Amino acid sequence: MKIYDLLIIGAGPAGLIAGARASELGASVLILEKNKQAGTKLLMTGGGRCNLTNLDFSSIRDLAFRYQTATNFLLSPLTRFGPKELCNFFEEAGLKLKEEAKGRVFPESNKARSVLDLLLKKIKNNSGEILLETEVKKIVISSDNSEKIEKVELEDGRLFKAKNFLIATGGKSYPLSGSSGDAYPWLKKLGHTIIEPKPGLAPIKISENFIKDLEGLSFSNLKISLKNNKENNKDGKEVKTYSELGDIIFGADNISGPAVLNLSRLIDLKNLKNILIEIDFFPDLNLEELNKKLQNIFHSANKNLRNALTEILPPRFVEVFLSNLKINPDQKANSVSREEKELISRNLKYFKLKVSGLYGFDKAMITRGGLSLKEVSSKNFKSKLFDNLYLAGEVLDIDGPTGGYNLQVSWTSGYLVADDLFLK
Ligand SMILES: Cc1cc2nc3c(=O)[nH]c(=O)nc-3n(C[C@H](O)[C@H](O)[C@H](O)COP(=O)(O)OP(=O)(O)OC[C@H]3O[C@@H](n4cnc5c(N)ncnc54)[C@H](O)[C@@H]3O)c2cc1C
């Protein structure tokens with residue numbers, strides 16, 4: 001039986017970059033992937049365009065800070081193979097990249113496929129092997145050395161041996177893409193600690209029924225804030241407000257979009273009763289300036305209120321918005337009362353929605369939790385319990401905001417595993 005230098009479980013971004021780098025450094029590499037194709041989730045990233053990293057940071061500390069509890073762990077890895085090194089890696093291999101708003105980096109082709117193809121080509125050209133439709137079921141410890149992994153076993157009993165093993169099976173979100181949390185029980189059995197996996201970057205569920213009438217609408221450049229509703233807050237304490245500028249997409253019972261997904265990271269599901277989302281539809285104007293803008297609309301004598309407001313807002317939104325405020329949309333725009341005008345402008349600046357929960361793993365972009373970072377070396381992503389076991393990507397207890405940060409962790413960890421093992 002062939003004994004590979006590195007056996008990788010999972011052909012996602014972490015496993016593929018590890019395989020590409022290790023084979024480039026002359027190692028014999030085998031990647032086992034349970035799907036029919038490699039990189040299923042990678043192809044879905046960035047709406048099919050793959051937001052592969054983010055260059056909007058002032059220092060590595062500033063960048064690492066965005067990963068909350070993993071900040072200190074990531075300082076050294078991101079210094080050695082961070083966004084800039086990643087961009088060089090891809091560009092030197094012939095993939096043109098471009099930077100868009102907020103530092104987000106995409107392939108110039110706008111196709112995640114070109115990122116995947118480049119990695120597969122590198123692996124193939126360096127004689128790396130990928131076996132598809134090959135699901136690992138078990139990891140077997142060496143009978144001679146309890147600190148070493150000896151082999152992996154498939155459902156049908158086939159065995160594969162290697163000198164080193166990398167688990168890059170991802171988290172639990174979007175399970176249909178192949179990432180279904182397979183490694184958690186293996187790791188627990190090996191004596192590792194798993195921080196409870198939870199859905200991360202998930203659409204936020206909204207209580208109000210009228211939300212269903214907004215389904216499909218999307219807005220750009222709004223200010224979206226997560227707030228604690230003080231009226232319901234018994235001790236009336238001042239609480240923090242977190243805000244993001246960005247787009248919002250309305251679903252049948254939820255809101256999503258990058259800004260909303262980032263705010264979802266801060267929602268404590270145990271304390272939902274007090275949590276509100278507040279939307280400012282005109283963040284560039286203060287209330288007085290908005291009132292002035294609205295005056296022009298309220299002056300149109302020959303239009304009803306509904307038609308007048310559709311000059312600045314989508315018709316379907318106007319319908320729901322006015323009905324919710326119990327304001328007659330058919331009245332002439334110039335006959336709207338002072339109280340009604342005030343109600344309209346305040347609600348366009350401070351539009352409140354009650355949060356009822358978060359979507360689960362089926363719709364969450366990433367998994368929070370995973371293998372405890374206390375049990376992995378930040379030098380090389382090696383398990384602290386086994387001499388030849390490495391972990392990379394979303395299987396680790398690391399999560400970042402939207403904008404390319406989650407893929408960056410997979411690239412960094414996968415690449416550094418290969419360098420640690422094979423860079424002379
Ligand atoms: C819709 C969507 C859009 C996203 N967009 C972005 C984005 O634009 N930018 C960004 O930074 N992040 C994005 N993410 C997050 C990003 O895709 C993940 O963080 C990243 O894919 C994790 O990489 P990974 O290699 O660790 O795991 P995965 O990509 O999950 O890959 C793991 C692989 O392991 C395989 N596997 C699992 N178990 C086994 C087994 N038992 N045997 C064999 N193979 C197995 C799986 O089939 C899978 O192919 C997005 C996520 C989603 C769902």
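Read the numbers this way: they start at 1 and go in the same order the structure lists the ligands and their atoms. Since we're looking at a predicted model, the values are computed, not measured.
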Point to revise | Cation-pi, Tyr359 ring and Lys205 (6.0 angstrom, 45 degrees) | key: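 Yes.
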**Study point:** Partner residues of Phe165 under the ring-ring contact (aromatic ring centres under 6.0 Å, His included) criterion, sequence neighbours left out
**Key:**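 For Phe165, no residue satisfies ring-ring contact (aromatic ring centres under 6.0 Å, His included) once neighbours in sequence are set aside.
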Report, one line per pair, each donor and acceptor closer than 3.5 Å where one atom sits in a side chain of residues 145-154; sequence neighbours left out.
residue: Asn145; atom: OD1; partner: Glu147; partner atom: N; Å: 2.9
residue: Glu150; atom: OE2; partner: Lys161; partner atom: NZ; Å: 3.3

Pairwise, report which nitrogen or oxygen atoms of ligand 1 are under 3.5 angstrom from protein nitrogen or oxygen atoms, and how far apart they are.
residue: ligand 1; atom: 5 (N); partner: Gly46; partner atom: N; Å: 3.2
residue: ligand 1; atom: 8 (O); partner: Gly46; partner atom: N; Å: 2.8
residue: ligand 1; atom: 8 (O); partner: Asn51; partner atom: N; Å: 3.4
residue: ligand 1; atom: 9 (N); partner: Asn51; partner atom: O; Å: 3.0
residue: ligand 1; atom: 11 (O); partner: Gly404; partner atom: O; Å: 3.4
residue: ligand 1; atom: 11 (O); partner: Asn406; partner atom: N; Å: 3.4
residue: ligand 1; atom: 11 (O); partner: Leu407; partner atom: N; Å: 2.7
residue: ligand 1; atom: 19 (O); partner: Glu394; partner atom: OE1; Å: 2.5
residue: ligand 1; atom: 23 (O); partner: Ser410; partner atom: OG; Å: 3.2
residue: ligand 1; atom: 25 (O); partner: Pro13; partner atom: N; Å: 3.2
residue: ligand 1; atom: 25 (O); partner: Ala14; partner atom: N; Å: 3.0
residue: ligand 1; atom: 26 (O); partner: Glu394; partner atom: N; Å: 2.8
residue: ligand 1; atom: 30 (O); partner: Ser179; partner atom: OG; Å: 2.7
residue: ligand 1; atom: 38 (N); partner: Asp182; partner atom: OD2; Å: 3.3
residue: ligand 1; atom: 41 (N); partner: Val136; partner atom: O; Å: 3.1
residue: ligand 1; atom: 41 (N); partner: Asp182; partner atom: OD2; Å: 2.8
residue: ligand 1; atom: 42 (N); partner: Val136; partner atom: N; Å: 3.1
residue: ligand 1; atom: 44 (N); partner: Lys34; partner atom: N; Å: 3.2
residue: ligand 1; atom: 47 (O); partner: Glu33; partner atom: OE2; Å: 2.6
residue: ligand 1; atom: 47 (O); partner: Asn35; partner atom: ND2; Å: 3.4
residue: ligand 1; atom: 49 (O); partner: Glu33; partner atom: OE1; Å: 2.6
residue: ligand 1; atom: 49 (O); partner: Glu33; partner atom: OE2; Å: 3.2

Review point. Quick one: salt bridge (Lys or Arg N to Asp or Glu O under 4.0 Å) pairs with a partner in residues 376-389, sequence neighbours left out?
Key: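 Of all non-adjacent pairs touching residues 376-389, those that pass salt bridge (Lys or Arg N to Asp or Glu O under 4.0 Å) are Lys379-Asp420.
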Check your understanding: Any side-chain donor-acceptor pair under 3.5 Å between Asn291 and Ser345?
Key ->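 Yes, because at least one side-chain N or O of Asn291 sits under 3.5 Å from a partner of the opposite role on Ser345.
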Check your understanding: Between Asn72 and Arg61, which heavy-atom pair has the shortest distance, and what is it?
Key ->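 Between these two residues, the closest heavy atoms are OD1-NH1, 4.2 Å.
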